[in-house]
Visitor: 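Have a look at the structure that comes next, please.
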Amino acid sequence: VTGDRSQGGGRQGPLGSTQTPAPLEQDFDSGSLYALRSAVAAHAAAAGADREQVYDVMAAVHELAANAVRHGAGHGRLRLWAADGVLTCQVSDGGSAEAGPDRAGPPWPSEHGHGLWVIGQVADQLDIDHGPDGTTATAIFALRIPH
Amino acid sequence: VTAEASAQITELAMDDHACLTFGEEEERLDLTAAFVRDGLASGLKVLWLSDAAPQLAADELARRGVEARAAAGSGQMIAAGTGGRLLTGQEFRADGAVGWLARQAEASRQEGFCGLRVAVDMGWALRPVTGIEELPRFEEGIAGVLGGGTASVLCQYDRGRFDPVTLASVAGFHTCSVAAATYYADPVLRVCRQYAPPGIRIAGEIDYQAAEPLGLALSEAVRLDGGIVINMAGLGFADAPCTAMIADAARTMTAAGRAVVLRCQPGVAAGFTRLGLADGPGIRLVIAGDR
C-alpha cells in the first residue's frame with residue numbers, strides 16, 4: 001500500500017464546494033495507461049475543462065506517466081485535483097531503483113524528450129522535482145470553461 | 001470443396017469466390033470500395049448488394065475516392081438491396097438466388113462487359129429469413145455460376161455477428177478468404193492497411209507500446225505507389241512518440257514528391273500542427289468529424 005503523503009490540497013479539505021469533483025488518485029504501470037487516460041479525461045471533463053483541454057490534460061498526464069514507466073520505476077501514481085479554476089496533475093514514479101527495460105528503438109526515429117516538450121506546449125506550468133524518493137512531475141492547467 | 005487460402009482484395013482473380021470476413025463496418029466498406037474500384041477499372045460490370053440504400057453506397061464510394069456515379073449512369077455499376085434479388089420478401093431459396101446470379105452473369109456478357117464482379121453483404125442472413133438453412137447450398141452453387149471464368153463474387157460476413165458454426169459451414173465453398181492486412185489488433189488499438197484510398201488506418205488509441213507495428217505499417221505505406229492516406233478518423237489518442245513517427249513518415253513521403261493526407265480528430269490533429277505539419281508542402285491535414 002502506498003503511503004498517503006498528504007499532498008494534493010483537494011484531498012484534505014472538507015468535501016465542501018459542491019462544484020469541485022473528488023480528486024483522482026490512481027496507480028499505473030505499462031498495462032494500465034489506457035485506463036489512466038480514460039479516468040483523467042473523465043475527471044478533466046467533470047472539472048469543467050472544454051473538449052480541447054480535456055485532450056491536452058489527458059495527453060500531458062499520459063506523457064508524464066509514460067516517462068515514469070519507461071525511465072523511472074516502471075510504475076507510478078497520479079494525483080489529479082481541481083481547485084479555484086486550476087487543474088493540477090501530479091505524477092510520481094515512486095523511486096527509480098531500477099530503470100524500466102529499455103525497448104528496442106522504433107524503426108522511425110522520434111525526438112528524445114518530445115513528450116516533455118508537448119507538455120510544455122499545452123500546460124500552463126510544469127515542475128519536475130527529483131527527490132530521494134523519486135521524481136515528481138506536476139503539470140498545472142488553468143481551466144478553460146466551455147461557454 | 002476448395003482449399004482456403006488468404007488473398008489480398010486487390011489480387012482477386014476473375015473466377016474467385018472470395019469470403020471476406022470483417023470486424024467493423026469501416027473495414028467492409030474499405031475492402032468493398034477497392035473491389036468496386038478495381039472492377040470498374042478493368043471494365044467489368046459491378047454489382048453491390050447490401051441493405052444500405054443505393055445513394056448511401058455511392059456516397060461511401062465517393063468518400064473513398066471511387067467515383068462510381070458515371071459508372072452507375074452507364075449501367076456498369078449497380079448498387080442495390082437484396083430484396084427481389086437474393087431474397088423474395090423474407091424468403092430465401094438457394095436455387096433462386098444462384099439462378100439470379102447466373103442471369104446477371106449472362107446479362108453482363110450480352111451488355112458487352114468482359115466480366116462481372118458481385119459484392120454481397122451477407123448481413124441479410126442474420127435476419128429471421130425463411131430458408132436460411134439453404135445458405136451453404138447457395139455458397140456451394142456459386143461455383144457453377146463462376147465456371148465460365150468471367151465472374152467473381154465477394155461474400156461479406158461480419159465475423160463478430162455470424163456464429164462460428166455458420167462461418168465454418170460456408171468457408172469451404174469459397175476459393176479464398178479476404179481480410180484487411182492487420183499489423184496490430186487488440187481491444188484498444190487496430191492498425192491495418194487501407195485499400196481505398198491506399199494507405200493505413202489506425203483506430204482506437206495508440207502509444208509507444210505499439211511503436212513496432214506502427215513502424216511496420218508506415219514502412220509498408222512508404223512502399224506503396226502514389227499518394228497515401230493515413231486514416232486516423234477513429235483514433236482517439238496518439239502519444240508524442242507515435243505522433244512524431246507518423247510525422248516523420250509523412251515528411252519522408254512528401255520529400256519523395258508524394259502527397260500525404262492525414263485524416264484525424266481535432267486532438268490528434270493538434271499534435272501534428274504543433275510539429276509544423278499543417279502547412280507542410282504535400283501534406284494535407286483533414287479534420288474528421290465525430291464518429
Visitor: Testing the basics here: between B/Y208 and A/A66, what is the closest heavy-atom pair and its distance to 0.1 Å?
Guide: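 That would be CE2-CB, 3.7 Å.
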Visitor: Once you round to the nearest 0.5 Å, how far does CE of A/M58 lie from CZ of B/F237?
Guide: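 If I round to the nearest 0.5 Å, the distance is 5.5 Å.
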Visitor: Does atom CZ of B/R161 have more than 12 heavy-atom neighbours, drawn from other residues, nucleotides or ligands, at distances under 6.0 Å?
Guide: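 No - once you tally the heavy atoms of other residues, nucleotides and ligands closer than 6.0 Å, there are 12 at most.
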Visitor: Are more than 12 heavy atoms from other residues, nucleotides or ligands located less than 6.0 Å from atom CG of B/D225?
Guide: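 It does not: B/D225 CG has 12 such atoms or fewer within range.
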Visitor: Looking at B/A240, is its backbone amide N or carbonyl O close enough to the side chain of A/E63 to form a donor-acceptor pair, meaning the two atoms are under 3.5 Å apart?
Guide: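 At least one qualifying donor-acceptor pair exists.
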Visitor: Less than 4.5 Å apart, side chain to side chain, heavy atoms only: is that true for B/D207 and A/Y34?
Guide: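 No, side chains not in contact.
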Visitor: If you round to the nearest 0.5 Å, how far is CG of B/L275 from CH2 of A/W117?
Guide: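 It is 5.5 Å, given to the nearest 0.5 Å.
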Visitor: Distance check, rounded to the nearest 0.5 Å: B/T243 atom OG1 versus A/H114 atom NE2?
Guide: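 Here the interatomic distance stands at 6.0 Å.
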Visitor: Report, as yes or no, whether the 6.0 Å neighbourhood of atom CZ on A/R144 holds more than 12 heavy atoms from other residues, nucleotides or ligands.
Guide: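 Above 12, so yes.
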Visitor: What part of A/L33 is in contact with chain B, defined as an atom under 4.5 angstrom from a non-hydrogen atom: side chain, backbone, both or neither?
Guide: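 Just the side chain, heavy atoms under 4.5 Å.
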Visitor: Do A/E52 and B/P266 make a side-chain contact, defined as non-hydrogen atoms from C-beta onward lying under 4.5 Å apart?
Guide: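 No, every pair of side-chain atoms sits at 4.5 Å or beyond.
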Visitor: Given heavy-atom pairs under 4.5 angstrom as the criterion, report whether the side chain, backbone, both or neither of A/V122 touches chain B.
Guide: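 The answer is the side chain of A/V122.
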